[in-house]
Amino acid sequence: MDLRFEICNLRSLMPRYDAKRLEPKWQAFWEEHQTFATGPFDPNKEKMYVLDMFPYPSGAGLHVGHPEGYTATDIVCRYNRMKGKQVLHPMGWDAFGLPAEEYAIKTGTHPAITTAKNIETFKRQLKSLGFSYDWNRELATTDPDYFRWTQWIFLTLFDTWYDATCEWTGPDGVQRIGRGRPISELPIPADVASQGDVAVRRYQDKQRLAYQHEAPVNWCPALGTVLANEEVIDGKSERGGHPVERIPLRQWLLRITAYGDRLATELDNLNWPESIKLMQRNWIGRSEGAEVDFFLGHEFDEWQAARAKSGFPREPADDVLRVYTTRPDTLFGATYMVLAPEHPAVDRLTTPEQRAAVDEYRQQASFKSDLDRTELAKTKSGVFTGGYAINPINGEKVPVWIADYVLISYGTGAIMAVPAHDERDFEFATKYELPIKAVVQASDEWLGSHCSQSAVEFEADLLNSLTQSQALGQISDLLDENGNLKDGHLKATVLRMLYILHPENFDSAFPEMGFSINSGDYSGLKSKIFATRITGDLALQGFGRKAVNYRLRDWLFSRQRYWGEPFPLWHELDADGQPTGLLRVDAESALPITLPEMADFKPTGTPEPMLSKAPESWLFKTASDGTKLKRETNTMPQWAGSCWYYLRFVDNKNSSAFIDPQVEQQWLPVDLYVGGAEHAVLHLLYSRFWHKVLFDRGHVHTAEPFQRLVNQGMILGEVEFTGYEKSAGEWVSSAEVTDDEDGNAILKSTSEKLATVKLSPDAVKKSGDSFVLTDYPDIRIESRAFKMSKSRGNVINPDTVVENYGADSLRLYEMFMGPLEQVKPWSMQGVEGVFRFLSRVWRTITDDRADDVRLNPAMQDTTPAEPQLRLLHKTIKAVTHDIETLGFNTSISRLMEFMNEVANWNVRPVSILRPFVLLLSPLAPHLAEELWQLLGGTTTLAYEPWPKFDPKLVEDSVIDVPVQINGKLRAKITVAAKADQGTIEAAARREDTVVAQLEGKTVVKVVYVPGRMLNFVVK
RNA sequence: GCGGGAGUGGCGGAAUUGGCAGACGCGCUGGACUUAGGAUCCAGUGCCGCAAGGCGUGGGGGUUCGAGUCCCCCCUCCCGCACCA
């Protein structure tokens, strides 16, 4: 429906609910009076820091997904202000990033211009929704005043090394082992110190949390940049889906792995969704196990003896292969070893005969992009090096292979393969016919369901040998009439024996824990105990040690793009202009390092960063000591700016520090952080990492930045009914349809491509569990809502909703749709529903028949009747509870129920409606302000005390008690709330239906739950 | 494959500790006011049944006086991870 039509044509003189008039009015009022400016910290009030994930201001403008979380936090903020808390609620812009730069490449428009324009749009849209942000705290990550401090924090990371053994107690009173410390405190080994200053600097550079590393990186030619592992999905770029190649390149990395343990364990006490915590723990992927050295030479006994003396060396020498395993209890089952193709020992191990095959395989692997590796993951491949290593536990010689299912970047880049107890090793061993040795006894069920046909032959052999040994007479009771073993224990025993002797007769690996077999003196131990014991024994003998590994990798922190923060770093150059590998940092006073002006935004087409095309004056300088310097030309990733914005909001005007320590103490941590689950891992992990470094270095006083986290669920487009046809009119039931790899609908049976037809709701009906065509009830229809996307054409623009229904309706609808965390489909009719509610509120309080805005004649200054008071107080109680638990959908339904009642009252006491307006105000602030004014308010209601309920008025004096017979509802009786069981039972027995039901039966028992129900158990 | 979450009317969703299933809204049906209704108001609306009554929270079992809620098995959908040794 069209509001303008209504207003212009029909009721132009009558003051209907007119969001378009009153919303801008109150937005202007709030702005003019600085209603939501936080002001200086007030120690007499409880503080509350409520944060939204700030948006990337894209050219497309605000999406209906944005206001979902923003409305939720706005309600929380408005509610808490009324509860007397001092609320900090800021908003800003995550404004560096690829789209603005891609637009610059296309059009030549400077990213700064595009960004400013987009910010303008976003800000206008957010303001039109009436959010109570303190706009004085606005910031953009692209502001030089902001990224000055991003660069400063980078320098702090650069200035920090992780002392893994440092024991200390933080300002939060928690004892920790491991701390980021100033690089100046890094102990320098004497042999390094003796080599002079340059050696010391190089030694320090290796230990810093920000360090350079030459490594294969994800180079995306289409985007002209290197991407972080996290930005690559199935070998394609997350943004745009372009192919990604692996090439070696010098990069900046942040040593997030140093904090892996703390990032995982310190999640425990956070009030976050368990699913998010779990995702982070999985991402960090901490595993415990052991490192073990396999000897590569011939004099095993000598090596053993040497190791017994020297112990396990820190770094492996060339005479061993070091592996990492989480299952040291399977060490006896290692029948071969596998190295990653990139492993440095491959060359040494490869025999002349195998050289050609190995080289070819290594070359193939190096060319493989992640996409290829993923595609080929289904079948394992590898090559024998010709070399052997010796298992330290039993002196067995095992062949060494290379295969790309072993990753150079995890563990030691080498594994001991235990095909009997690892699926991957099993698959590989089966393919290349490598030996399999069982060292953990599998469970009987597993043995029964995984043994192959040959078990029968084995059984026959066994029986045969038993017969020959004339044992048959003694075991005949265990045989059935055909001479086969009866089922039961004996069958299990045979299978166990088969597994111990011939595990290759089973069709998969047994990766679980159990009792060890074939493991020398360790046989019979439980896997867990075995693992602990052997790890200790290995350490004593100098063959191994306990080890911890993380799936988490160090964070690739450099990008080759223009539109990002420059690094405040210089590379020293030698006389020939070549980098020496030594670095210098910009002085704090030189910050911010701003981007050079550039006219040409075309990518270099090579992995060489964009900034290498910067003017010479920006790129080069000579230090005071005469050293020639070249700037670092990489820029920081978009994550950098969003890592710490919550800190700057607290003190965004500070020009002498990134945050004032006292202000930091007052406002942090963030009490409530709301945003999409797509940031469950990356942003939140990176932020926590930076925060912990700042914590270790004494800049913040809490170990965690975000105390409570809530993820809002995605809003999908309107539900669509989709039918499939082979050709026009020839329908195919959706049960016979599936998707091909590209997402096209195809016929399951023939893979024939099908046309999709969007159907109107009238053309379909429900039948059983699914929808069918009304005209052809055999044809099933797909009914679902899709993610909003331009290509699908189901995007809802918030501006349109505001234009037609107003911001309050949009806010209310988004909250009314369902629980905040849940994924839910949009419905324009639903918006109309809440709009009708707000209109009803308006009409109930104002006089819509008058010529101007005035109170409805039913609104009177009378003493409310008791039922009216009860209704109000029950509503206060329910709405308060629901807002506190973020149950906005139910709080709105309580307000609706209230209104449904009040609309029937001929006299509406002002003293009832005024608190109602306050209850409504966090949800629909514009309308509430307008009504508040009409009800005599002289200023904003934003700081009016939140209504309190009287406990006496929320309890009913008379209640309905359901009466059940054998658990089935048969009647309801109305009794005084205080009535005792006897009274209630007597009343129930007078009910006709109860009398009829009890007739001829014996009451065995009567269950009475006070105030809830009465149940007669009868026979 | 592994991990997590969820299945309740035609639709979105309600339902403290196990205690009236379906609040509230949409949609739909009928009516009122109307030149008109896509405004507003009133009534109805889980399914079957004329009714009495019966059946109902993905399916099957169980515990209980009583199960959407607790336990076991199974099915479907969504999300995350995916050779991490």
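Reckoned from all heavy atoms, side chains included, excluding hydrogens, waters and symmetry mates. Residue numbers start from 1 in every chain, and the chains themselves are labelled A, B, ... in the order their sequence lines are given, proteins ahead of strands.
Residue contacts shown for A:Arg894 are absent, as no nucleic acid heavy atom lies under 4.0 Å away. Residue-level contact check: A:Asn889 touches the backbone only, with heavy atoms under 4.0 Å from sugar-phosphate atoms and none from bases. Among the protein residues, A:Ser409 comes within range of no part of the nucleic acid, since none of its heavy atoms lies under 4.0 Å from any strand. Residue A:Gln964 is in base contact, counting any heavy-atom pair closer than 4.0 Å across all strands shown.
Rounding to whole angstrom units, CZ of residue A:Phe426 and C1' of B:G1 are separated by 16 Å. Counting to the nearest Å, the C1' atom of B:G3 and the CD1 atom of A:Ile276 are 13 Å from each other. Separating the CZ atom of A:Phe1016 from the P atom of B:U64 is a distance of 23 Å, rounded to the nearest angstrom. Distance A:Tyr1008 OH to B:C20 C1': 14 Å, rounded to the nearest Å.
Residue A:Arg843 places at least one side-chain N or O closer than 4.0 Å to OP1 or OP2 of B:C41. The side chain of A:Arg551 places an N or O atom within less than 4.0 Å of a non-bridging phosphate oxygen (OP1 or OP2) of B:A82. Proximity of A:Ser287 to the phosphate of B:A85: a side-chain N or O atom is located under 4.0 Å from OP1 or OP2.
In the interface, the side chain of A:Arg1012 is paired with the base of B:U17 through a donor and an acceptor atom under 3.5 Å apart. With hydrogens and angles ignored, a donor-acceptor pair under 3.5 angstrom links the side chain of A:Lys972 to the base of B:C20.
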Strictly under 3.5 Å: I want the nitrogen or oxygen pairs between protein and nucleotides 27-33 of chain B, one per line.
| from | atom 1 | to | atom 2 | distance (Å) |
| --- | --- | --- | --- | --- |
| B:G27 | OP2 | A:Arg836 | NH2 | 3.0 |

Polar atom pairs between nucleotides 71-79 of chain B and protein, under 3.5 Å, N or O only, would you list them?
none

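In the set B:A85, B:G25, B:A15, the nucleotide with an atom closest to the side chain of A:Thr325 is B:A85. Taking the side chain of A:Leu407 as heavy atoms from C-beta on, and the options B:A39, B:A85, B:G19, the nearest nucleotide is B:A85. Listed candidates were B:A15, B:G19, B:C83. Nearest to the side chain of A:Tyr405 is B:C83. With B:A85, B:C20, B:G66 as the candidates, the nucleotide lying closest to the side chain of A:Asp422 is B:A85. Of the candidates B:C20, B:G13, B:A85, the closest approach to any side-chain atom of A:Leu969 belongs to B:C20. With B:C83, B:A14, B:G19 as the candidates, the nucleotide lying closest to the side chain of A:Pro819 is B:A14. Residue A:Lys766 has its side chain nearest to B:C11 when only B:G12, B:C65, B:C11 are considered. Closest to the A:Phe816 side chain, of the nucleotides B:G13, B:C83, B:G12, is B:G12. Candidate nucleotides B:A85, B:G13, B:C65 were compared by shortest atom distance to the side chain of A:Lys824, and B:G13 ranks first.
Under the side chain to side chain contact (heavy atoms under 4.5 Å, CB included) criterion, A:Lys968 pairs with A:Arg970, not counting sequence neighbours. Applying the side-chain hydrogen bond (donor to acceptor under 3.5 Å, both in side chains) test to A:Arg545 and every residue at least two apart in sequence or in another chain returns A:Glu291. Contacts of A:Gln280 classified as side chain to side chain contact (heavy atoms under 4.5 Å, CB included), with partners at least two apart in sequence or in another chain: A:Leu267, A:Trp272, A:Leu684, A:Leu685, A:Arg688. In this structure, the side-chain hydrogen bond (donor to acceptor under 3.5 Å, both in side chains) partners of A:Tyr324, at least two apart in sequence or on a different chain, are A:Ser287. Under the side chain to side chain contact (heavy atoms under 4.5 Å, CB included) criterion, A:Ala264 pairs with A:Ile284, sequence neighbours left out. Under the rule for a side-chain hydrogen bond (donor to acceptor under 3.5 Å, both in side chains), A:Lys877 has no partner lying at least two apart in sequence or in another chain. Every side chain to side chain contact (heavy atoms under 4.5 Å, CB included) that A:Ser760 has, sequence neighbours left out, goes to A:Asp762, A:Ala763.
Scanning both residues, A:Lys787 and A:Asn794, for their nearest heavy atoms gives O-ND2, 3.4 Å. Here the closest heavy-atom approach between residue A:Tyr17 and residue A:Ser839 is recorded as CD2-OG, 3.6 Å.
A heavy-atom distance below 4.0 Å to RNA chain B is reached by these residues of residues 895-904 of chain A, ordered by number: A:Met896, A:Glu897, A:Asn900, A:Asn904.
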inquiry  = Using a 4.0 Å heavy-atom cut-off to protein, can you give one letter per nucleotide of nucleotides 46-58 of chain B, 5' to 3': B if the base is in contact, S if only the sugar-phosphate is, - if neither?
reply    = --------SS---
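Closest-nucleotide positions on RNA chain B for A:Val1017 and A:Gly285 were compared, and the one nearer the 5' end corresponds to A:Val1017. For the pair A:Ser827 and A:Val1007, nearest-nucleotide mapping onto RNA chain B gives the more 5' position to A:Ser827.
Ring to ring, A:Tyr813 and A:Tyr805 are not that close: their centroids are 6.0 angstrom or more apart.
For the residue pair A:Arg553 / A:Ser409, a side-chain donor-acceptor distance below 3.5 Å is found, with atom types taken as modelled. For A:Asp960 and A:Thr974, the side-chain atoms include at least one donor-acceptor pair closer than 3.5 Å.
Separation of the P atoms belonging to B:U57 and B:A21 is 12 Å when rounded to the nearest angstrom. A gap of 16 Å separates the C1' atoms of B:C28 and B:G12, to the nearest Å. Using atom C1' as the reference point in both B:G54 and B:U64, the two lie 23 Å apart (nearest Å). Distance noted for atom C1' between B:C70 and B:G9: 26 Å (whole Å). Taking atom P on both B:U76 and B:C65, the two are 35 Å apart, rounded to the nearest angstrom. The gap from the C1' atom of B:C33 to that of B:A39 amounts to 11 Å, rounded to the nearest Å.
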ask   = Does the side-chain contact (heavy atoms from CB on, under 4.5 Å) test come out yes or no for A:Thr885 and A:His881, once each step is laid out?
value = CA-CA 6 Å; A:Thr885 55; A:His881 173 264; 4.0 Å; yes
request  = Go through A:Tyr432 and A:Tyr336 one step at a time and tell me if the ring-ring contact (aromatic ring centres under 6.0 Å, His included) criterion holds.
outcome  = CA-CA 11 Å; A:Tyr432 293 105; A:Tyr336 64 103; 9.0 Å; no
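For A:Arg989 and A:Glu985, the salt-bridge test passes: some basic side-chain N is under 4.0 Å from an acidic carboxylate O. Ion pairing of A:Arg16 with A:Asp18 is absent here, as no side-chain N (NZ or NE/NH1/NH2) approaches a carboxylate O to less than 4.0 Å. Residues A:Lys874 and A:Glu897 are not paired through a salt bridge, judged by the lack of any N-O separation under 4.0 Å between the basic side chain and the carboxylate.
Both key distances under 3.5 Å define a Watson-Crick or G-U pair, and stretches of 3 or more such consecutive pairs in RNA chain B run B:1-7 with B:75-81, B:10-12 with B:24-26, B:27-32 with B:40-45, B:46-48 with B:53-55, B:58-62 with B:70-74.
Taking the six-membered ring for Trp and thresholds of 30 and 60 degrees, A:Phe428 and A:Trp401 have ring planes more than 60 degrees apart, a perpendicular arrangement.
For B:G9, the base is syn relative to its sugar; the glycosidic angle is within 90° of 0.
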